[in-house]
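Beneath this line is the structure, given in structure tokens, with notes to follow.
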Amino acid sequence: MTDTEIKKERIAKRMARAGLCSRREAERWIEDGRVTVNGKKLDTPAFTVSERDYIMVDGKDIPKTERPRLWRYHKPQGLVTSHSDEKGRDTVFDKLPDELPRVISVGRLDLNSEGLLLLTNDGELARKLELPATGWKRKYRVRVHGHPRESDIVKLGKGLTIEGVRYDAIEATIDSAKGANSWMTISLREGKNREIRKVMEHLGYTVSRLIRVSYGPLLLGDLKAEAVEEVKSKILRDQMGVEKFEEAEELLQPGQRPPRGKRGDNAKKPSKTDVPKMDEKKRRTLKARSSSKRVR
């Protein structure tokens, strides 16, 4: 394969695909001098790499690119959607099962919000699902103090400008009222920071509970609080445009048969000389796991 045939990509994209961080975070890590390629420290994210390049972050190998995966997580109230918190509060990632690889969130839910939060090991997939251009509707069940009027629903549908920030049209319905509170269903396609709380407060209603019940075609359903469930690969391919991940074929051990579908008259069993030897000193690899020892 010639140099022109070798597939290259931006270093920040490669790091995001490995599930270490978002592209934006990767660029900051590079500017902080934490990333080296082939032994040379990078000082700019304007750099492309291929699978042949040897990349390290904080002196550790970055994990190889794995197939994109996505999980539904039921976030309870009281957890910060961040890998670390300067106030020492518990985070979503502190509470995830140990068997999960290192994941990042698709967007965020604030401290007092709950419900469906999507997690992925692929920063590029997270970026794709967050983009307003994707057009995925996020639906919430919202309890407010007070009784919204139809005129408020019309205002939300036209969009609002609050303190110079423009909030696009928001779909809303009034579901029920009991005592001093009302329940509403609110849907939007671009979630700015604390958007629902801000627009409802602007209209004179305080949000006392906010539950995300769906994100595009993915539903919270009966998923229990703090439970995690992986989304099937078929859904990733059919509804999210994720290409089928082709893993590199591993060398067969002596006497081992090829997997089904790859057997034939020309199937070759490697000789002992074809099997690579393990290095006496294995390199440390930066594990893409959600734990306190992760790269920050």
* Asked: Does the side chain of His202 come within less than 4.5 Å of Leu160's, by heavy atoms?
  -> yes
* Salt bridge present between Arg67 and Glu230 (N-O < 4.0 angstrom) -> yes
* To do: Can you measure from CZ (Arg108) to CG (Asn193) and round to the nearest 0.5 angstrom?
  => 9.0 Å
* To do: State, with a plain yes or no, whether a side-chain heavy atom of Arg69 is found less than 4.5 Å away from one of Leu125.
  => no
* In Å and rounded to the nearest 0.5 Å, what is the OH to OG1 distance from Tyr167 to Thr161? -> 9.5 Å
* To do: Kindly indicate whether the side chain of Leu156, heavy atoms from C-beta on, has any atom under 4.5 Å from the side chain of Met200.
  => yes
* To do: Write out all pairs satisfying salt bridge (charged side-chain N to carboxylate O under 4.0 Å, His left out) with one or both partners inside residues 116-136, taking only residues at least two apart or from two chains.
  => Arg23-Glu124
* Asked: After noting the C-alpha distance and the side-chain angles of Lys232 and Leu236, does the key distance pass the side-chain contact (heavy atoms from CB on, under 4.5 Å) rule?
  -> CA-CA 7 Å; Lys232 294 181 179 179; Leu236 295 185; over 6 Å; no
* To do: Just do the side-chain contact (heavy atoms from CB on, under 4.5 Å) check on Val228 and Leu96 with the steps written out, would you?
  => CA-CA 8 Å; Val228 184; Leu96 294 178; 4.1 Å; yes
* So do Met184 and Pro148 actually touch side chain to side chain, heavy atoms under 4.5 Å? -> yes
* Other residues, nucleotides, ligands: >12 heavy atoms within 6.0 Å of Lys41 NZ -> no
* Determine, stepwise, if the pair Arg143 / Ser208 fulfils side chain to side chain donor-acceptor pair (under 3.5 Å). => CA-CA 6 Å; Arg143 185 177 66 192; Ser208 57; 2.9 Å; yes
* Structure fact -> Distance col, row Ile235:CD1 vs Met240:CE, nearest 0.5 angstrom, shows 6.5 Å
* Check the pair Val142, Ile196 against side-chain contact (heavy atoms from CB on, under 4.5 Å), reporting the backbone distance first and the verdict last. => CA-CA 9 Å; Val142 182; Ile196 292 176; 4.2 Å; yes
* Is Asp110 paired with Arg197 through a side-chain N to carboxylate O contact shorter than 4.0 Å? -> yes
* Do any N or O atoms from the side chain of His83 and from the backbone of Thr91 form a donor-acceptor pair under 3.5 angstrom? -> no
* Kindly give the heavy-atom pair with the smallest separation between Gly39 and Thr36, and that separation in Å. => C-CB, 4.3 Å
* To do: Kindly state each residue pair satisfying side chain to side chain donor-acceptor pair (under 3.5 Å) with at least one member in residues 209-222, sequence neighbours excluded.
  => Glu114-Arg209, Arg138-Tyr215, Tyr140-Arg212
* For Glu31 and Arg28, indicate whether the former's side chain and the latter's backbone hold a donor-acceptor pair under 3.5 Å. => no
* Do you know the tightest heavy-atom contact between Trp71 and Asn121? -> CZ3-N, 3.9 Å
* **Heavy-atom donor-acceptor pair, Lys75 side chain to Leu79 backbone, under 3.5 Å** => yes
* To do: Identify the residue among Thr185, Leu220, Leu116 that makes a side chain to side chain contact (heavy atoms under 4.5 Å, CB included) with Lys139.
  => Thr185
* Within a strict 4.5 Å, meaning less than it, do heavy atoms of the Asp61 and Tyr54 side chains meet? -> yes
* For Gly123 against Ile104, the heavy-atom pair lying closest together -> CA-CD1, 3.5 Å
* Hey, is NE2 on His145 packed in by over 12 heavy atoms from elsewhere, all under 6.0 Å? -> no
* Check the pair Arg14, Ile62 against side-chain contact (heavy atoms from CB on, under 4.5 Å), reporting the backbone distance first and the verdict last. => CA-CA 10 Å; Arg14 170 68 180 86; Ile62 71 169; 3.7 Å; yes
* Asked: For the side chain of Arg72 and the backbone of Leu219, is there at least one donor-acceptor N/O pair under 3.5 Å apart?
  -> yes
* Does Ala177 offer a backbone N or O that forms a donor-acceptor pair with the side chain of Ser182 under 3.5 Å? -> no
* To do: Give the minimum heavy-atom separation between Asn181 and His147, together with the two atoms involved.
  => O-CE1, 3.7 Å
* For Arg149, does the CZ atom have more than 12 heavy-atom neighbours from other residues, nucleotides or ligands under 6.0 Å away? -> no
* **Val106 side chain near Leu119 side chain, heavy-atom distance below 4.5 Å** => no
* Do the side chains of Leu111 and Thr81 get nearer than 4.5 Å, heavy atoms only? -> no
* Can Leu117 be reached from Val207 by stepping across I, L, V, M, F, W or Y side chains whose heavy atoms are under 4.5 Å apart? -> yes
* Asked: Is the backbone N or O of Ala227 less than 3.5 Å from a side-chain atom of His74, with the two atoms forming a donor-acceptor pair by type?
  -> no
* Structure fact -> Rounding to 0.5 Å, atoms CG (Leu210) and CD1 (Ile186) come to a distance of 7.5 Å
* Any salt bridge (charged side-chain N to carboxylate O under 4.0 Å, His left out) pairs touching residues 167-183, not counting sequence neighbours? -> Lys137-Glu171, Arg141-Asp175
* Taking atom CD of Glu226 as the centre, report whether more than 12 heavy atoms of other residues, nucleotides or ligands fall under 6.0 Å from it. => yes
* To do: First locate atom CD1 of Ile170, then atom CZ of Arg189, and finally report the distance between them rounded to the nearest 0.5 Å.
  => 12.5 Å
* Note, Pro45 side chain near Trp29 side chain (heavy atom, < 4.5 Å) -> no
* Atom of Thr120, atom of Ala126 and distance for their closest heavy-atom approach -> CG2-CB, 3.6 Å
* Structure fact -> When every non-hydrogen atom of Val35 is compared with those of Val57, the smallest separation belongs to CG2-CG2, 4.1 Å
* Structure fact -> Between the CG atom in Asp90 and the OG atom in Ser82, the distance rounded to the nearest 0.5 Å is 12.0 Å
* To do: Answer yes if Phe93 and Val80 sit in the same cluster of Ile, Leu, Val, Met, Phe, Trp and Tyr residues linked by side chain heavy atoms under 4.5 Å apart, and no otherwise.
  => no
